Amino acid sequence: MEKIISLRNAVVDYDGDTVLKGISLDIADKQFVTLLGPSGCGKTTTLRIIGGFLQMNSGELYFDGKMINDLPAYKRNINTVFQKYALFPHLNVYENIAFGLRLKKMKESEIKENVMEMLRMVNLSGYERRSINSLSGGQQQRVGIARALVNKPRVLLLDEPLGALDLKLRKEMQIELKKIQKRLGITFIYVTHDQEEALTMSDTVVVMNHGEIQQIGTPEDIYNEPVNAFVADFIGESNIIDGVMRADYFVEIGGVVFECEDAGFGTDKLVDVVIRPEDIKVVAPCKEAIVGVVKDVIFKGVHFEILVETDDFLWKIHSTKSQQIGARIGMSLQPNDIHIMHKLIE
Amino acid sequence: MKKSLTSKLYMVLLVLFLYLPILTLVVFSFNANDSRVAWGGFSLRWYAALFSDRTIMLSLFNTLLIAIIASVISTALGTTAAIGINNLNKKARSLVMNITYIPIVNPEIIMGVSLMLLFKVFMRFTPLKFGYITLVLAHIAFCVPYVIFQVLPKLRQMNPNLLEAAYDLGCNSRQAFFKVVIPEILPGVFSGFIMALTYSLDDFVVSYFNSGVGVNTLPIVINSMTRRNMDPSINALSTLIFVIILIILVVKNFLDNRKLRVEQKEKESLRSRKKTIALIVALVMLLSSVGVTVGIVLNMGPRLELDMRLLSNYDYTRFAKDKLTLNVANWGEYLCIDEPDMINVNEQFEALTGIKVNYTTYTNNEELYAKLKSGGADYDIVIPSDYMISRFINEGMIQELDYENIPNFDTKIMDTFKNLSYDPENEYTVPYTWGMVCIIYNKTMYDKAPDSWGALWDEAQKGNILMFNNPRDAFAAAQCYLGYSLNTTDKDEIDKTFEKLYEQYSADLVQAYVMDEVFDKMEGGNAAVAPYYVGDAVSMMESNPDLDYYIPKEGTNRFVDAACIPTGCNNKEAAEMYINFLCETEIALANCEYIGYSTPHKDVFELLDDEVKNDERRYPADEFLNEKTELYVALPEETNNYIQSLWNQIKFSN
């Protein structure tokens, strides 16, 4: 796939505080890429570098193979949808969307055509005379998206664009955004801290923490093969428990040795073991299973969340079958459900 | 919601408290006579007088011009400054903001004086002069902080992403500023402009120190009128200003309300309404300035021609090609330049000689002294009173005159007014006008006409007696009564004078210690008797025919105001020409009629109505003048201080 944006060794310091620790990132053309991570991880900083709102202390930024470090924002073929919409309150919906086109000195008839098309696309036809302040949050964000897209950018940057919307609206807009991206066939770079949002929409997810990239991959890769405990913990729910690699393909967890698919960690080595709650099978207590006592059962709609206490860990199980609180149960694991990772050295 | 009676009453009282003064002013602007208290029927004469009063119109024009220029410039400066401050880091910003605060909390007087000193320094190196430029600069200096404080909050409220959005959509910095930042902060910019405009319009203190000579703003002119009875045209002007502001507010409110309704119905954008309001305000301002300009233009040009044949044989044209300017400082309403059907003395002089006259007014001798002493004004001609003249001579602040250049002094000034105590050899001065202190009384309150200073100590009029509200004049009244010299330095005599005054005070004889409030009290019939100047007594009698006046038989204080040339004068010969011109019979007659005080001019005296000429109270026999009247001379500092300390016992003993 063709690269449209490349970031090389990007370093950003704020008053001696290193926010980006030399990250490198390639973004393929026409993809939906999500930068995911907790607040302060550097994802928005990365976006602002690409948008041209922030200068790196060192590093290079390439667009279509050309270095654009010193190209001002208004000369980049990139547009942004801002978190708090950042619509111009002194202009109505039509004029907000037409803003970029007017700067390009486009003919009035063409402007009208383009704006109307955009309004149709974001389902706001008929709202062109409305003032910004009379719109709801969702409508404002649609105007923000239309205002950016009408300029036909090669890359659209979205900085937590749905953060201020309620859950239902957010879900609708996620689907809509994905549809728009597919239809226009341009690159979206999307910043969020919501892992579910990232997994739903992205072609590629970039997980970041503490100014570093933790993992880059498809949503499936990231979810199923997290490279470390942070990613595992951040993407979906996980049981992260200490284990000991007894030999290649054999790991001891909670005093029980399980077969696994990992090798090359050495013998009797302390490792992190990640097990997704839905991968644990409840069985009758036996030697081949980890045995614990049910502490609590919470109904979650699609499934029950069962909390099971063993000597040194509180397990989380997602199951469609409920259990009796106080019951002794066994937990059985299949080799492909066990993910072995090096201990994070903090 | 039902409101209780008390809360309604409270509202009514509050509104009354706020608006009663303005209502009074509006009512009296339609008064047919010139009293500030007595209603003489409905008339528009003060509105007519207003538009034909060149001093007021010109100063109004100056005020508007300076306010508009200064507020436009300070809005631009303040807005850019606010943007700069907003981009500073926190520490630097709070430092700059504190510095910005200082001019606002600083007393205006400090601002005024310090600006004046700064300009003086600049004047040493540049051709800068006090006038429009210094006024505009000074107004900008105190207006800019107000603009900053209006604009900065708007900038802080602005979503910082807005600017980024503008760049993102293709704006360069300049486009982003004009297309996004300015519309966002416009309400702040606009209110900053309005604040700057209002502060500039009514500034007195700063303007006073920085106007120099010739450029007067309305507040300065109004202030200088307070020595004599204030011209009721000011009521008319204030009413007009009030009505204009009221219209602006009503229109604005109306638009706001309509805007709200429109919002609900059509959901139209806010922008166009704000523009309309701004447009209306701008229009009203424009119209009023145009009106003033038209008023001035219509009044331009000499209304009455001087009859050249009546002038003395004097070469008035010898500086015609030199483009000279004379700076003249005089008391308020003390030169005939504003009367619609009389000649304009300054214009006549300019037309005759080709010398430009910059005319300024002051309120009292002390103010003139301060201005001259501080170097804040380069006057070429001043007209102070007797005792101040002797002080000027002692301190070398005025220079000897070359009477060769003022031949009218010899030929036209009465001998009684030469070689007076303040200038014994008559080397420095040419008398301009004179008068005496008399006693004004209300005939309806007396069975028998009084004739003595004793009227001010009359038990029968307890609580109805007015007294001078300054130590020199108050002591003089008692000294005349006791038969002492007005210039005595004898401690015993001063103590006895004080006892007399204290007796009057402690027996509650005095209703109030007043200066120009005497006009209102006497015209309104609110007091029985008061000491004041003859010329003013005559004008009070015109408003209230119940009044009459007399010169006390014990004798009285006489004052002489005389023209002098300060030491700093650059064109002494031209200044002497101006003084000579003031002594031309036709000119002196116009001034005498306009001012209403007595004249020291022989020919003018001869031309007066017999009724006036033969009035012993206005032109007493030389014998009376020489023996029974006394001029003030400057007292030694210790005597002054002693009198002041005694006076304080009366003023501050309650």
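So that the names make sense, note that chain A is the first sequence line, chain B the second, and so on, each numbered from 1. Fair warning: this is a prediction, and the values are worked out from it, not measured in the lab.
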Asks: Under 4.5 Å heavy-atom distance to chain B, tell me which part of A:N79 shows up: side chain, backbone, both or neither.
Replies: both
Asks: Count the heavy atoms of every other residue, nucleotide or ligand shown that sit under 6.0 Å from CD of A:E113, and state whether that count exceeds 12.
Replies: no
Asks: Contact part of B:Q175 toward chain A, heavy-atom cut-off under 4.5 Å: side chain, backbone, both or neither?
Replies: side chain
Asks: Would you say A:H90's side chain and B:K179's backbone share a donor-acceptor pair under 3.5 angstrom?
Replies: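 Confirmed, A:H90 side chain pairs with B:K179 backbone.
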Asks: Taking atom NZ of A:K179 as the centre, report whether more than 12 heavy atoms of other residues, nucleotides or ligands fall under 6.0 Å from it.
Replies: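 No, the 6.0 Å shell around NZ holds no more than 12 heavy atoms from other groups.
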Asks: For A:F88, is it the side chain, the backbone, both, or neither that has a heavy atom closer than 4.5 Å to a heavy atom of chain B?
Replies: both
Asks: Just wondering, are more than 12 heavy atoms of other shown residues or ligands nearer than 6.0 Å to OH in A:Y94?
Replies: yes
Asks: So do the side chains of A:R48 and B:E164 get within less than 4.5 Å of each other, counting heavy atoms only?
Replies: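 A side-chain contact under 4.5 Å exists here.
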Asks: Check whether more than 12 heavy atoms from other residues, nucleotides or ligands sit under 6.0 Å from atom CD1 of B:I133, and answer yes or no.
Replies: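 Result for CD1/B:I133: open.
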Asks: Less than 4.5 Å to any heavy atom of chain B: does that hold for the side chain of A:I78, its backbone, both, or neither?
Replies: backbone
Asks: Is any residue of residues 136-162 of chain B within less than 4.5 Å of chain A by heavy atoms, and which ones?
Replies: B:N159, B:N161, B:L162
Asks: Is it true that, when you exclude A:K178 itself, more than 12 heavy atoms of the residues, nucleotides or ligands shown sit nearer than 6.0 Å to its NZ?
Replies: yes
Asks: Looking at B:A176, B:A166, B:A165, which one has more heavy-atom pairs under 4.5 Å with chain A than the rest?
Replies: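 Result: the option with the highest number of such pairs is B:A165.
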Asks: For the atom pair CG (A:L103) and CG (B:N172), what is the distance rounded to the nearest 0.5 Å?
Replies: 8.5 Å
Asks: Any residues in residues 82-105 of chain B near chain A, with a heavy-atom distance under 4.5 Å, and which are they?
Replies: none
Asks: What part of A:L157 gets within 4.5 angstrom of chain B, counting heavy atoms only: side chain, backbone, both, or neither?
Replies: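 No part of A:L157 comes within 4.5 Å of chain B.
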Asks: Are the side chain of B:D168 and the backbone N or O of A:Y74 linked by a donor-acceptor pair below 3.5 Å?
Replies: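 Checked: no pair found.
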